[in-house]
Amino acid sequence: MKKELRIGMIGYQFMGKAHSHAYRDLPFYFDLEFQPVLKVISGRNDHAVKEAAERMGFEEYVTDWKKLIERTDIDIVDIVTPNHTHAEIAIAAAKAGKHIITEKPLALTLEEAKEMHEAVKENKVKHLICHNYRFAPAVQFAKKLIVEGRLGRLYHFRANYLQDFIMDPNFPLIWRLKKEISGSGALGDIGAHSIDLSRFLVGEIKEVVGMTETFIKERPSGEMAGGLKATADQSSLGEVTVDDAVAFISRFENGVLGTFEATRFAAGNKNKNKFEINGEKGSIRWDMEDMNRLDVYFRDDEAGLQGFRTINCTEEEHPYAGAFWPAGHIIGYEHTFINLFHAFLQGLDKEETAYPDFEDGVRNQAVLAAVEKSAETKQWIEIKV
């Protein structure tokens with residue numbers, strides 16, 4: 001019999017659904033030493049969390065996350081709550097000896113992120129931050145090409161993360177638009193993913209200079225209603241206290257130049273998470289909305305045949321792809337979480353660190369903080385961890 005890894009999840013909406021699905025499908029695709037068990041889920045609303053437990057397959061539910069952490073039959077605490085709760089929950093879970101998975105960004109502030117990292121180190125528990133886009137097979141293959149030197153010396157990293165889901169002025173003032181709950185707007189919500197991809201593929205960022213903008217200053221009150229939908233109360237307005245869009249340039253420690261843009265005001269773009277990397281021997285580019293494909297260009301191709309080739313990264317030779325379907329039978333967004341959690345569970349089995357971990361979260365948070373400071377001071381800011 002395989003050893004059970006009992007999951008306690010705190011939160012149950014968009015990311016709760018994605019994480020729960022990944023745990024349930026992991027044993028179907030991967031031969032694991034551990035069997036994930038959806039033990040208990042926590043949420044403040046009794047009716048809603050009960051419904052979520054039934055839908056997602058959890059054995060039990062509670063309305064107090066502290067009681068979940070106190071339980072002796074929980075091995076992993078999975079945090080999918082709004083950002084302002086991450087630090088308190090993660091630190092409590094670490095002190096209780098639980099392994100921890102948390103959504104990004106790691107915390108509200110760099111100081112909180114450092115406290116979380118210290119807590120998991122002091123209590124010797126494993127930890128993971130959910131930058132799932134690293135685990136698309138095409139992104140993993142891009143990393144392989146870079147490590148092998150196929151692009152040679154790297155010159156440029158450029159990323160765009162474009163959405164349009166809050167463009168309607170009547171879209172409500174959800175928690176993602178309140179600084180005291182989210183920490184930042186497009187910068188931390190989606191720009192954090194681009195920053196993580198750049199660190200994963202290229203290296204550490206040395207310094208940044210950037211700007212932010214809030215296009216709609218006030219919105220009607222409202223709450224999230226599943227996915228990226230929300231309900232609004234048009235009778236009252238509140239102030240938007242985060243950025244709607246951010247743009248910044250960076251210099252990496254290895255000399256690579258970086259350009260980043262993140263916005264939730266790019267009409268027609270639903271989840272346009274893109275990057276391009278240019279090197280002395282060629283270039284690669286990827287788009288989450290066509291996530292199985294990687295565009296690759298090599299300068300040493302025969303004259304007359306030079307140009308970007310499109311690789312469908314579904315062959316067994318491509319990272320993680322062999323665990324799923326035959327070549328050409330594409331995978332989707334949910335499989336990035338399956339691959340991510342597989343890496344974490346493998347790390348638990350081998351008593352090794354799986355990445356991205358809380359140190360990655362801290363380094364990501366340091367970049368977020370530097371971009372915010374640069375936008376305020378209109379100066380270059382050095383990244384300090």
Side-chain angles (χ1 to χ4, degrees), residues 1-9 19 22-39 74-80 86 89-91 93-107 113-137 139-148 193 196-204 316-324 335-365 385:
M1 294 291 290
K2 293 183 178 181
K3 180 182 176 182
E4 291 186 345
L5 271 179
R6 299 158 297 184
I7 313 297
M9 183 175 290
H19 290 206
Y23 293 125
R24 292 174 66 171
D25 267 18
L26 253 173
F28 185 83
Y29 294 110
F30 293 98
D31 185 17
L32 301 167
E33 294 300 319
F34 293 117
Q35 176 68 33
V37 175
L38 300 182
K39 195 69 179 176
I74 297 298
D75 302 302
I76 297 174
V77 171
D78 189 332
I79 305 168
V80 290
H86 290 184
I89 297 172
I91 291 170
K95 290 179 178 178
K98 315 296 186 186
H99 304 304
I100 305 167
I101 296 173
T102 188
E103 264 302 322
K104 55 90 233 93
L106 190 58
K114 288 180 177 179
E115 290 174 8
M116 294 167 70
H117 190 214
E118 286 301 314
V120 293
K121 288 192 297 182
E122 287 176 7
N123 293 280
K124 296 180 173 57
V125 297
K126 299 298 183 185
H127 40 98
L128 182 80
I129 182 170
C130 288
H131 284 296
N132 57 297
Y133 294 119
R134 285 192 186 197
F135 288 84
V139 174
Q140 292 281 323
F141 190 57
K143 174 71 171 180
K144 182 174 183 289
L145 293 176
I146 292 169
V147 170
E148 290 175 349
H193 279 304
D196 181 74
L197 286 172
S198 77
R199 293 184 52 254
F200 175 60
L201 295 165
V202 174
E204 297 299 340
E316 290 190 4
E317 291 78 10
H318 296 121
Y320 286 102
F324 299 105
H335 297 88
T336 63
F337 289 95
I338 295 171
N339 295 339
L340 172 66
F341 291 168
H342 171 256
F344 186 63
L345 266 60
Q346 270 197 324
L348 290 179
D349 178 42
K350 298 178 181 178
E351 298 185 355
E352 297 175 350
T353 299
Y355 300 99
D357 64 358
F358 278 20
E359 181 177 354
D360 288 294
V362 169
R363 291 184 177 276
N364 194 298
Q365 201 87 39
V385 178

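Just so you know, these numbers come straight off a predicted model, no measurement behind them.
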Quiz item: Does the side chain of Leu345 reach to within under 4.5 Å of the side chain of Phe30, using non-hydrogen atoms?
Solution: no
Quiz item: Under the criterion side-chain hydrogen bond (donor to acceptor under 3.5 Å, both in side chains), which of His131, His86, His19 is the partner of Glu103?
Solution: His19
Quiz item: Can you name the residues that form a side chain to side chain donor-acceptor pair (under 3.5 Å) with Tyr320, not counting sequence neighbours?
Solution: none
Quiz item: Taking only residues two or more places apart in sequence, or in another chain, which ones meet Glu316 in a side-chain contact (heavy atoms from CB on, under 4.5 Å)?
Solution: none
Quiz prompt | By salt bridge (charged side-chain N to carboxylate O under 4.0 Å, His left out) - contacts of Glu359 (at least two apart) | solution = Arg363
Throw together a table of side-chain donor-acceptor distances under 3.5 angstrom for residues 114-124, partners on residues two or more places apart or in other chains.
unit_1	atom_1	unit_2	atom_2	d
Glu118	OE2	Lys121	NZ	3.1
Asn123	ND2	Ala119	O	2.8

Practice problem: Under the ring-ring contact (aromatic ring centres under 6.0 Å, His included) rule, collect the residues that match up with Phe200, sequence neighbours excluded. | Solution: none
Self-check item: Check: Asp360 side chain, Asp357 main-chain N or O, donor-acceptor pair, under 3.5 Å
Solution: yes
Quiz item: Taking atom CG of Leu5 and atom NZ of Lys39, what is their separation to the nearest 0.5 Å?
Solution: 12.5 Å
Exercise. Might you point out which heavy atoms bring Gln365 and Pro105 nearest each other, and give the distance in Å?
Key: OE1-CB, 4.0 Å
What donor-acceptor contacts under 3.5 angstrom involve side-chain atoms of residues 94-102, with partners at least two apart or in another chain?
unit_1	atom_1	unit_2	atom_2	d
Lys98	NZ	Arg71	O	2.6
Lys98	NZ	Ile74	O	3.0
His99	ND1	Lys126	N	3.0

Practice problem: Scan residues 338-352 for pairs that pass salt bridge (charged side-chain N to carboxylate O under 4.0 Å, His left out), counting only residues two or more places apart or in two chains. | Solution: none
Exercise. Considering non-hydrogen atoms only, spot the tightest contact between Ala107 and Ala113 and give its length.
Key: CB-N, 3.6 Å
Exercise. Would you list the pairs meeting salt bridge (charged side-chain N to carboxylate O under 4.0 Å, His left out) in which at least one residue belongs to residues 22-32, sequence neighbours left out?
Key: Lys2-Asp31
Quiz: residues 335-344 side-chain donor-acceptor pairs under 3.5 angstrom, not counting sequence neighbours:
unit_1	atom_1	unit_2	atom_2	d
His335	ND1	Gly332	N	3.0
His335	ND1	Gly332	O	3.4
Thr336	OG1	Asn132	ND2	2.9
Thr336	OG1	Tyr333	O	2.6
Asn339	ND2	Phe135	O	2.9
Asn339	ND2	His335	O	3.3

Practice problem: Name all residues meeting the salt bridge (charged side-chain N to carboxylate O under 4.0 Å, His left out) criterion together with Asp75; count only those two or more places apart in sequence or in a different chain, and write none if there are none. | Solution: Arg6
Quiz item: Donor-acceptor pair, His127 side chain versus Phe358 backbone, under 3.5 Å?
Solution: yes
Practice problem: Measure across Pro356 and Asp196 and return the closest heavy-atom pair with its distance rounded to 0.1 Å. | Solution: CB-OD1, 4.3 Å
Practice problem: Work out which heavy atom in Pro36 is nearest to a heavy atom in Pro27; give both atom names and the distance. | Solution: CD-CG, 3.9 Å
Quiz item: When you measure from the side chain of Gln140 to the backbone N and O of Arg134, does any donor-acceptor pair fall under 3.5 Å?
Solution: yes
Self-check item: side chain to side chain donor-acceptor pair (under 3.5 Å) partners of Tyr133, counting only residues at least two apart
Solution: Tyr161, Asn271
Self-check item: Residues which pass side chain to side chain donor-acceptor pair (under 3.5 Å) with Glu204, listed by chain and number, not counting sequence neighbours
Solution: Arg199
Quiz prompt | pair Leu106-Asn364: side-chain heavy atoms closer than 4.5 Å | solution = no
